[in-house]
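Below you'll find the structure, written out as structure tokens, and then a few comments.
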Amino acid sequence: MNIQDTLSSTEQKVDNSEKIKIYLCGVTVYDESHIGHARTIIVFDVLRKYLENKKKEVELIQNFTDVDDKIINRANDEGIPAHEISKRYIENYFRDFDELNIKRATNYPKATEHIEDIIEFIKKLIEKGIAYASENGVYFSVSKFPEYGKLSKKKIDELKSGSRIQVDETKKDPLDFAVWKFSDVEPTWESPWGKGRPGWHIECSVMSMKYLGGNFDIHGGGRDLIFPHHENEIAQSEAHSDGKFAKIWMHVGMVTIAGEKMSKSLGNTKSIKYVLENWGPNIIRLFCLSGHYSKVIDYSEEMLKENLTKWRQVETCYYELIHANNVEQENISEKIRNISTEFDKSLEDDLNTHLALSSFFELVKETNRLAASEKLGKENSIIIMKEFERISKILGLNIPKINQEEKEEIDSLISNREKLRGEKQFEDADKIRDQLNEMNIELMDHKGKTIWMKKEKIQKDC
RNA sequence: GGUACUCUGGCAGAACGGUUAUGCGUGAGCCUGCAAAGCUUAUACAAGGGGGUUCGACUCCCUCGGGUACCUCCA
């Protein structure tokens with residue numbers, strides 16, 4: 001499998017000879033997660049599920065930044081301790097992402113639980129003369145790392161001239177960034193240099209190394225993390241251990257809304273909670289996977305609606321497979337095998353989920369075509385279903401399940417309706433159809449038989 | 001100003017030198033008691049503008065232009 005690497009600007013082969021180690025920069029837990037966060041995490045979820053489907057072992061580490069100015073500010077606003085803010089939003093995180101059908105990472109390390117490791121890491125940087133303590137904190141000396149700028153393709157002198165931030169006079173160089181900030185505002189920790197808290201970038205260097213070792217396979221996150229976050233991580237990690245850091249840097253494009261980046265600071269975010277309530281997990285996933293992960297996608301109700309239509313087709317396909325019992329059948333093994341191969345091929349090539357979805361819809365279409373022409377038999381459906389389920393699992397799509405009791409009720413209502421239709425009592429038959437509709441059961445009348453499907457309840461689908 | 005990404009049909013979006021996939025939308029038809037769903041079929045004097053390389057370019061090169069992101073916290 002190849003993935004476009006931001007550092008080398010080329011596609012790199014994922015070395016999957018042994019366990020594949022992935023570090024994903026997660027969220028700072030100070031507010032509701034939004035659809036932009038969802039996209040990045042869904043992309044990595046698909047990557048992971050695809051690799052696992054290939055029987056590869058994947059170790060996915062995703063951090064929570066749980067110490068940060070924003071968390072502290074919010075805590076002050078609400079008059080509660082910072083850890084309660086982070087605790088609340090970590091809970092919200094799992095509420096949202098579990099519902100989005102994200103497989104939980106191997107581990108979710110938190111910055112506050114790795115303060116000792118962070119201090120040790122900084123100690124070594126200081127010993128090597130790469131970091132220094134000054135009045136306000138401990139800083140990483142960018143000039144000691146000649147390759148600084150290699151990820152974001154920035155030249156150090158250009159950064160200097162373009163620097164808009166207020167220069168902290170206690171730094172040796174305006175580009176130097178904090179690895180430890182002195183502070184008396186809680187939360188703080190003691191350190192050999194003074195009381196304070198870690199800088200933002202250091203946690204990822206420390207935790208990725210701790211859990212995955214120095215040279216792991218893929219390091220990912222949103223594009224907006226390239227600079228300064230990932231640039232600084234590389235500097236810290238490679239300066240610390242003198243070895244190459246992550247092998248592949250994979251960055252997911254932003255989600256815009258009306259052409260503008262969705263971000264908390266712009267106040268134009270759509271929270272996952274909101275989108276889940278209105279559209280449900282499957283449509284969000286289809287939407288997030290509808291373009292190449294590296295590109296921008298624009299959030300709009302129209303796009304979600306389009307994906308709702310697609311999702312209904314997928315549901316139809318599933319229920320056609322469940323109910324398949326035609327006698328006459330076509331030989332479809334080869335066709336399905338080709339679809340399966342194409343699907344994999346698309347993902348192998350830089351996780352092209354859009355193309356992969358095309359293959360999936362081909363399978364859906366083929367199934368529905370067979371059903372329409374009364375040529376979808378049991379053997380066919382077993383072959384197709386196997387692939388349908390494999391693909392659904394990789395993409396993280398989930399048909400709502402139905403329990404036995406519900407099923408029996410539906411079957412009995414349908415047979416009543418069939419009886420009434422046979423007697424041409426259409427008004428009463430239609431009443432039953434309406435009744436089923438209210439249960440989100442949709443009937444599809446085929447020649448000689450009626451099959452049903454349970455539609456996922458979508459708020460916006462009215 | 002710098003860097004990166006991006007510009008393909010009404011919309012979304014692939015193809016990485018060789019009949020513009022796929023989905024949505026729209027039109028027509030089939031199916032149906034009627035619906036719904038589904039199926040069939042049609043839908044670009046086109047590829048941001050202009051050059052070039054090539055037998056042939058969406059795909060490579062140059063140039064001009066638009067958009068977005070990053071350069072400050074951000075998935």
Residues 245-254 of chain A vs salt bridge (charged side-chain N to carboxylate O under 4.0 Å, His left out), sequence neighbours excluded, gives A/D217-A/K247
Taking distance alone, no hydrogens or angles, what donor-acceptor pairs closer than 3.5 Å link side-chain atoms of residues 39-51 of chain A to residues at least two apart or in another chain?
| unit_1 | atom_1 | unit_2 | atom_2 | d |
| --- | --- | --- | --- | --- |
| A/R39 | NH1 | A/G253 | O | 2.9 |
| A/R39 | NH1 | A/M254 | O | 3.2 |
| A/R39 | NH1 | A/K295 | O | 2.6 |
| A/R39 | NH2 | A/H292 | O | 3.0 |
| A/R39 | NH2 | A/Y293 | O | 3.3 |
| A/R39 | NH2 | A/K295 | O | 2.7 |
| A/D45 | OD1 | A/K103 | N | 3.0 |
| A/D45 | OD2 | A/K49 | NZ | 2.7 |
| A/D45 | OD2 | A/R285 | NH1 | 3.1 |
| A/D45 | OD2 | A/R285 | NH2 | 2.8 |
| A/R48 | NE | A/E52 | OE2 | 2.9 |
| A/R48 | NH1 | A/K103 | O | 3.4 |
| A/R48 | NH1 | A/R104 | O | 3.1 |
| A/R48 | NH2 | A/R104 | O | 3.4 |
| A/K49 | NZ | A/N101 | O | 2.8 |
| A/Y50 | OH | A/E348 | OE2 | 2.5 |

Output one line per pair: protein atom, nucleotide atom from nucleotides 7-14 of chain B, and distance, for all N/O pairs under 3.5 Å.
| unit_1 | atom_1 | unit_2 | atom_2 | d |
| --- | --- | --- | --- | --- |
| B/G13 | O2' | A/H354 | ND1 | 2.9 |
| B/G13 | O2' | A/H354 | NE2 | 3.1 |
| B/A14 | OP1 | A/H292 | N | 2.8 |
| B/A14 | OP2 | A/K295 | NZ | 3.1 |
| B/A14 | O3' | A/N352 | ND2 | 3.3 |

Among all residues two or more places apart in sequence or in another chain, which pass the salt bridge (charged side-chain N to carboxylate O under 4.0 Å, His left out) test with A/E91? A/K87
By nearest atom, which of the nucleotides B/G2, B/A75, B/U32 is closest to the A/K154 side chain? B/G2
Contact class for A/V27 (heavy atom, under 4.0 Å): base, sugar-phosphate, or nothing? sugar-phosphate
List for me each residue that meets ring pair (Phe, Tyr, Trp, His ring centres under 6.0 Å) alongside A/F287, sequence neighbours excluded, and say none if there are none. none
Among B/A75, B/C34, B/A4, which is the nearest nucleotide to the side chain of A/K153? B/A4
Residue set satisfying salt bridge (charged side-chain N to carboxylate O under 4.0 Å, His left out) with A/R390, at least two apart, ordered chain then number -> A/D344, A/E387
Base, sugar-phosphate or nothing for A/G220? Non-hydrogen atoms, less than 4.0 Å. nothing
Candidates B/G33, B/C71, B/A69 - which lies nearest the side chain of A/F227: B/C71
Go through the structure and list residues passing salt bridge (charged side-chain N to carboxylate O under 4.0 Å, His left out) with A/K150, not counting sequence neighbours. A/E147, A/E238
Assuming nearest nucleotide by heavy-atom distance, tell me which of A/C25 and A/D430 is located more 5' along RNA chain B. A/D430
Non-neighbouring partners of A/K154 that pass salt bridge (charged side-chain N to carboxylate O under 4.0 Å, His left out), sequence neighbours left out: none
Salt-bridge test for A/K447 and A/E374: reply yes if a basic N is under 4.0 Å from a carboxylate O, no otherwise. no
Which residues pass the side chain to side chain donor-acceptor pair (under 3.5 Å) test with A/W180, sequence neighbours left out? A/S191
My understanding is that only residues two or more places apart in sequence, or in another chain, count here; which of them pass side chain to side chain donor-acceptor pair (under 3.5 Å) with A/E59? A/K19
Can you build the contact string for nucleotides 38-43 of chain B? Use B for base contact, S for sugar-phosphate-only contact, and - for no protein heavy atom under 4.0 Å. SSS---
Could you spell out the base pairing of RNA chain B in dot-bracket, with Watson-Crick or G-U pairs whose two distances are under 3.5 Å, [ ] crossing and | to another strand? (((((((..(((.....[...)))((((((.......))))))....(((((..]....))))))))))))....
